[in-house]
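Just below is one structure, and these are the notes that go with it.
Letters go in sequence order (proteins before strands), and every chain restarts at 1. As the structure is a computational prediction, the values presented were derived from the model and not from experiment. Hydrogens, waters and symmetry mates are skipped; everything else that's a heavy atom, side chains included, is used.
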There are 2 protein chains.
Amino acid sequence: MNLRELSQQLGLSQTTVSRALNGYPEVNETTRKRIQDFADHHNYRPNQKAKSLATGKSMLIGHVIPFSTQHEMVNIVFSDFIAGAGEVYSTHGYDMLLSVVNDDNEIRAYSELARKGSVDGVIVHGPTQNDPRIALLQDLKIPFFVHGRSTDATSSYNHLDVNNKRAFSRATEFLLNLGHRRIGLINGLERMDFAQRRRHGYEDALQSAGIMPDPAIMRSAEMTEPFGYAATKELLAADHPPTAFIASSIVPALGARRAIEERALTVGKDVSIICFDDAISYMPNGEGEPIFTATRSSVRDAGRRCAELLIGVIQNPDAPPVAELWEAELVVGQSTGPAPKKA
Amino acid sequence: MNLRELSQQLGLSQTTVSRALNGYPEVNETTRKRIQDFADHHNYRPNQKAKSLATGKSMLIGHVIPFSTQHEMVNIVFSDFIAGAGEVYSTHGYDMLLSVVNDDNEIRAYSELARKGSVDGVIVHGPTQNDPRIALLQDLKIPFFVHGRSTDATSSYNHLDVNNKRAFSRATEFLLNLGHRRIGLINGLERMDFAQRRRHGYEDALQSAGIMPDPAIMRSAEMTEPFGYAATKELLAADHPPTAFIASSIVPALGARRAIEERALTVGKDVSIICFDDAISYMPNGEGEPIFTATRSSVRDAGRRCAELLIGVIQNPDAPPVAELWEAELVVGQSTGPAPKKA
DNA sequence: TGCGTCATCCAAAGCGCTTTGGAAGTGATT
DNA sequence: AATCACTTCCAAAGCGCTTTGGATGACGCA
């Protein structure tokens, strides 16, 4: 059942039927009702392909997800982000277009989406330092929104970020106040902008306390459980082992805990852990008292907000760029305690 | 730059240009080359909306993701599945359309996608027993593929499933052979078909060994870390605590481990854990020797295969239904050992 | 020379919707 | 009775592609 049949059966023009169903004013209320009822009865839905072509809007928002054996951007944070964003899209009549592409083709994937006109806007995930995608998307003149930030980007662009530097300096200060002097860093991949900022926050806090940051107790990799385990195990086995660790996500923190307990040490007593908690829905940080002391910011909320703001940009492309910076909250859990007295 | 401009500048008809670019035979090789070069030079990409309307194919495959506060289908398994599926879509020129909808609207979301013609096919995630979506999609006459199975579905439908029953009976047998007699079950939500089958596998293995399954040591909920923790903690504190646990995913298994270690017990010695391992990319089951003894089947591979098969169905809608049943492999890790002697 | 075949190209008709630019009818006003 | 404003509807022209059904010319062959 398409618009033509529908209008023929109603004895009206396509124009009138289309207008009636789309809520335009120039149609009599009684005929509108008749049209609406008839359409409902026949379960009519306008063909999306035709509608898109006619209006020029695809009602789709693109997300490009690179994959490779090295670099899993399809990560733990991602699924919660799209859950939040998708929620908002739905309520505005949009759907999400996911393009899962090989790492090497990531840049190309963005320009394909734009040139083919398959999406009305794009979200940029996981920006690196001086991320080339930003300039590209500006060139392509397609609305886009960055989740995170890209240092050294020359012009301004729409984005929302967590104050990662502050989150990590606060976490580090928290440990320092507990008397810890040797604090290991278990960071994400440092070509990611957020990981850079986190390290700077950590280093700044140490330096402010008169402690020289020691690269020997900093690790950086994809944020998996085994990475957290391996890094912690190695650092604990070395000379001058840290008495506390600061981890970039709850996942490597779980690995850190495993390494600590394997040495028959107690988390929160012998060794402290603090981490960044993205408030992942299926991996919550405990139910009552948090498992891990953490700086927390919901990535799902971030997804929601990015979606809202991007839709705003699509509806009003000439508005000045929007930027938001969220502060993470510090929640105290069971994984931290005073630095143990020296033996 | 669109096809009309392109053909005008080339002094050719739209027909010829379109055919040249789409590889049809009825165009001279030298003119094809000229057209191709010109198009490449101008970075021309056919408009997807127009192409879709003309061909009737959207080159999109729909996934519906329900969300609610109760039930998080946006779960750990999901992100790896779509990574695998998306990979295959890309290589076939498809993209993924994600519709994130409120729980109550899930059914409607499928029929909207079909009626609006926005997708060429659909994947059904997380089938329950006698899942209504199967009949609906059959009615709507849209190609679809089910990841999992739905017991009691009257007619046959395209699907791929892991042999969950067998995976859990084998896991249970493995524990029985180690001398365990009291084995706790930490299952997923039992309205999910897979969770049902898993429990049956567990119960069957117990009964074959002459052990009466005891509902008092079975738990079922969303597969989160805190759930695994809470369930294990509770069971360990009760009379006749289990000496082993079988968990439905690596995530609650992590929670189980936490509860066990909290009681100063050792995993794999005092208490054994075996779990189902979906081989999640960012939460691998260790690198060398697995952390958890597990029955394993890659959900990412399943995503890949479902995508392939669905594309097959789209290209050949009248082919007989395809069904695949994968066997999980049993990998032995550090989390299991002989049942402790009675004190 | 005339005819059939083949390779190469094109005009135009869709695909199913939205939207522009009226047209027709209805009252109210002069 | 003529004019105007307003409401209500419609025919037709897009949107940018694909695809049908020829048209044209070159060539080989009888």
Rounded to whole angstroms, how far apart are CZ on B:R45 and C1' on D:dG16?
-> 16 Å

Nearest listed nucleotide, side chain of A:R19, among D:dC9, D:dT19, C:dC17 | D:dC9

For the pair made of CG in B:N2 and P in D:dT18, what is the distance, rounded to whole Å?
-> 12 Å

Given C:dT18, is OP1 or OP2 found less than 4.0 Å from the side-chain N or O atoms of A:S18?
-> yes

Quick one: on DNA chain C, does A:Y44 or B:E29 contact a more 5' nucleotide (nearest heavy atom)?
-> B:E29

Does the side chain of A:Y24 get closer than 4.0 angstrom to OP1 or OP2 of C:dT19 through an N or O atom?
-> yes

Charged N to carboxylate O below 4.0 Å: is that the case for B:D161 and B:R149?
-> yes

Would you mind reading off the distance between A:K51 atom NZ and C:dC15 atom C1', rounded to a whole angstrom?
-> 17 Å

note: A:L12, atom CG; C:dC17, atom P; distance rounded to Å ~ 15 Å

May I ask you to check whether A:H159 and A:Y157 place their ring centres under 6.0 Å from each other?
-> yes

Rounded distance in Å - CD (A:E26) to P (C:dG21) = 14 Å

Quick one: is B:N22 getting a side-chain N or O under 4.0 Å of the D:dT18 phosphate, OP1 or OP2?
-> yes

Out of C:dG14, C:dC9, C:dT18, minimum distance to the side chain of A:L3 belongs to C:dT18

Rounded distance in Å - CE (A:M59) to P (C:dT18) | 12 Å

Quick one: label B:T31 by what it contacts on the DNA or RNA (base, sugar-phosphate, nothing), any heavy atom closer than 4.0 Å.
-> sugar-phosphate

Contact nearer the 5' end of DNA chain C, comparing B:T16 with B:L53 | B:T16

Phosphate oxygens OP1/OP2 of D:dA11: is one of them under 4.0 Å from a side-chain N or O of A:T15?
-> no

For the pair made of CD in A:Q14 and P in D:dC15, what is the distance, rounded to whole Å?
-> 17 Å

Verify whether the ring centers belonging to B:H125 and B:H63 lie closer than 6.0 Å.
-> yes

Using only side-chain N and O atoms of A:N28, determine if any of them is under 4.0 Å from OP1 or OP2 of D:dT8.
-> yes

For A:K49 and C:dG14, what is the distance between atoms NZ and C1' respectively, to the nearest whole Å?
-> 15 Å

Touch check for B:G11, heavy atoms < 4.0 angstrom, all strands: base, sugar-phosphate only, or nothing?
-> sugar-phosphate

Between B:Y44 and B:H42, does the ring centre distance come in under 6.0 Å?
-> no

Indicate yes or no: does A:D301 engage A:R305 in a salt bridge with an N to O separation below 4.0 Å.
-> no

